[in-house]
Amino acid sequence: MGRQRSIDRDKVLDTAEEIVATQGAAGLTIDSVAKAMGISKGGVQYCFGSKDALIDAMFDRWGKVYEQVFDSIAGSDPDPQTIVQAHMQATCSSDQASSAKAAGLMATLIQTPEHLDSTREWYRSRIAGLDLTTEAGRKARLAFLATEGAFMLRFFGFMDITQQEWEAMFTDLQKWVLNDTARND
């Protein structure tokens, strides 16, 4: 009797992310991951249980990387304006591979209501504390929405944006939208 081969969860996640990146969200199935890895469907299910659990694990892994960058920028107790600035900076500084993975995961999330609900909650939480009765709060909301719009355009392939253009957009947001907030309340 041979020794049972162990399955590396991170490699399964890497394979699932590659499938989403190359075939789109519709291509992600337990079977497609198993075939790409050369293992049985049962092996993938042993690691994750279901496609939803696999998607959750992919999103959690990406989220941890984002949160580490965000937390290093925002600090331990950020105010609402700082949360938006940290989100903007974390989005700008994330490498293209990580951002492409995140976009692919977002496309996958849209397919299931429970994933869409948690994504909606996450987005709402990023701007929840802004005081929209002030110009500073409204500008921070605008900066957040512009950040997400640029992210979607670039990583869903709706607009070719070079790295130089990407960085210039965030410089402009910082300069024209956020830096003037203190003087314009």
Side-chain angles (χ1 to χ4, degrees), residues 13-14 16-18 20-21 24-25 55-185:
L13 290 172
D14 291 341
E17 289 172 352
E18 181 65 25
V20 170
I55 292 168
D56 286 342
M58 291 166 64
F59 200 67
D60 286 346
R61 182 164 80 164
W62 173 80
K64 285 177 185 172
V65 171
Y66 166 86
E67 289 297 330
Q68 286 175 341
V69 174
F70 175 87
D71 290 344
S72 72
I73 296 166
S76 61
D77 189 26
D79 62 56
Q81 307 286 105
T82 302
I83 289 170
V84 170
Q85 285 189 322
H87 174 71
M88 232 177 67
Q89 291 172 8
T91 300
C92 178
S93 68
S94 68
D95 63 56
Q96 286 192 329
S98 296
S99 295
K101 288 176 186 178
L105 291 174
M106 290 177 73
T108 304
L109 293 175
I110 293 170
Q111 296 181 18
T112 57
E114 63 274 11
H115 292 119
L116 184 56
D117 287 345
S118 65
T119 301
R120 285 178 176 153
E121 288 173 23
W122 184 88
Y123 273 109
R124 184 54 66 187
S125 74
R126 282 297 184 236
I127 60 172
L130 294 175
D131 182 354
L132 300 178
T133 64
T134 67
E135 188 170 342
R138 291 188 304 275
K139 284 184 172 189
R141 178 179 59 184
L142 183 61
F144 175 81
L145 295 172
T147 297
E148 290 309 296
F151 174 86
M152 300 286 178
L153 289 170
R154 186 179 197 197
F155 293 106
F156 284 130
F158 299 139
M159 184 176 175
D160 290 329
I161 300 173
T162 67
Q163 187 63 28
Q164 184 178 0
E165 290 174 308
W166 181 251
E167 291 168 8
M169 283 185 227
F170 286 95
T171 298
D172 290 346
L173 276 173
Q174 185 69 39
K175 178 181 174 184
W176 294 331
V177 178
L178 295 179
N179 277 351
D180 291 331
T181 58
R183 291 188 299 246
N184 293 322
D185 276 348

What distance separates I55 CD1 from D60 CG, expressed to the nearest 0.5 Å? 12.0 Å

Indicate whether the side chain of Q85 and that of Q89 have a donor and an acceptor atom separated by less than 3.5 Å. no

Using a 4.5 Å cut-off on heavy atoms from C-beta on, say whether the side chain of W166 contacts that of T91. yes

Residues L132 and G137: closest non-hydrogen pair is CD2-O, 3.6 Å

Looking at residues at least two apart in the chain, or sitting in another chain, which of them share a side chain to side chain donor-acceptor pair (under 3.5 Å) with D117? none

What is the distance from atom CD of E17 to atom CE of M58, rounded to the nearest 0.5 Å? 5.0 Å

Residues passing the salt bridge (Lys or Arg N to Asp or Glu O under 4.0 Å) test with E67, sequence neighbours excluded, are R126

Atom pair NZ (K64) and CG (D71), whose distance is rounded to the nearest 0.5 Å: 13.0 Å

Distance check, rounded to the nearest 0.5 Å: T133 atom OG1 versus R138 atom CZ? 7.5 Å

From CA spacing to verdict: side chain to side chain contact (heavy atoms under 4.5 Å, CB included), D14, R61: CA-CA 10 Å; D14 291 341; R61 182 164 80 164; 2.7 Å; yes

Closest heavy-atom contact between L13 and A57? CD2-CB, 3.7 Å

Going by the rule side chain to side chain donor-acceptor pair (under 3.5 Å), which residues pair with E148 if we only count those two or more places apart in sequence or in a different chain? H87, Y123

Please name all residues satisfying side chain to side chain donor-acceptor pair (under 3.5 Å) with T82, sequence neighbours left out, ordered by chain then number. D79

Taking every heavy atom of I73 against every heavy atom of A90, the minimum-distance pair comes out as CD1-N, 3.8 Å

Grab the two heavy atoms, one from I83 and one from F70, that are nearest each other, plus how far apart they are. O-CE1, 3.3 Å

R124 and I127: CA distance, side-chain angles, deciding distance, side chain to side chain contact (heavy atoms under 4.5 Å, CB included) verdict: CA-CA 6 Å; R124 184 54 66 187; I127 60 172; 3.8 Å; yes

Under the side chain to side chain contact (heavy atoms under 4.5 Å, CB included) criterion, do Q81 and K139 qualify, and how do the steps go? CA-CA 9 Å; Q81 307 286 105; K139 284 184 172 189; over 6 Å; no

To check you understand the geometry: which heavy-atom pair defines the closest contact between A140 and V84, and what is its length? O-CG1, 3.3 Å

Value rounded to 0.5 Å, distance of CG in L130 from CZ in R141: 8.5 Å

With sequence neighbours excluded, what pairs up with D172 under the side chain to side chain donor-acceptor pair (under 3.5 Å) test? none

Identify the two heavy atoms, one from A86 and one from A74, that lie closest to each other, and give their separation to 0.1 Å. CB-CB, 3.6 Å

Classify the ring geometry between W62 and F59 as parallel (under 30°), tilted (30 to 60°) or perpendicular (over 60°). tilted

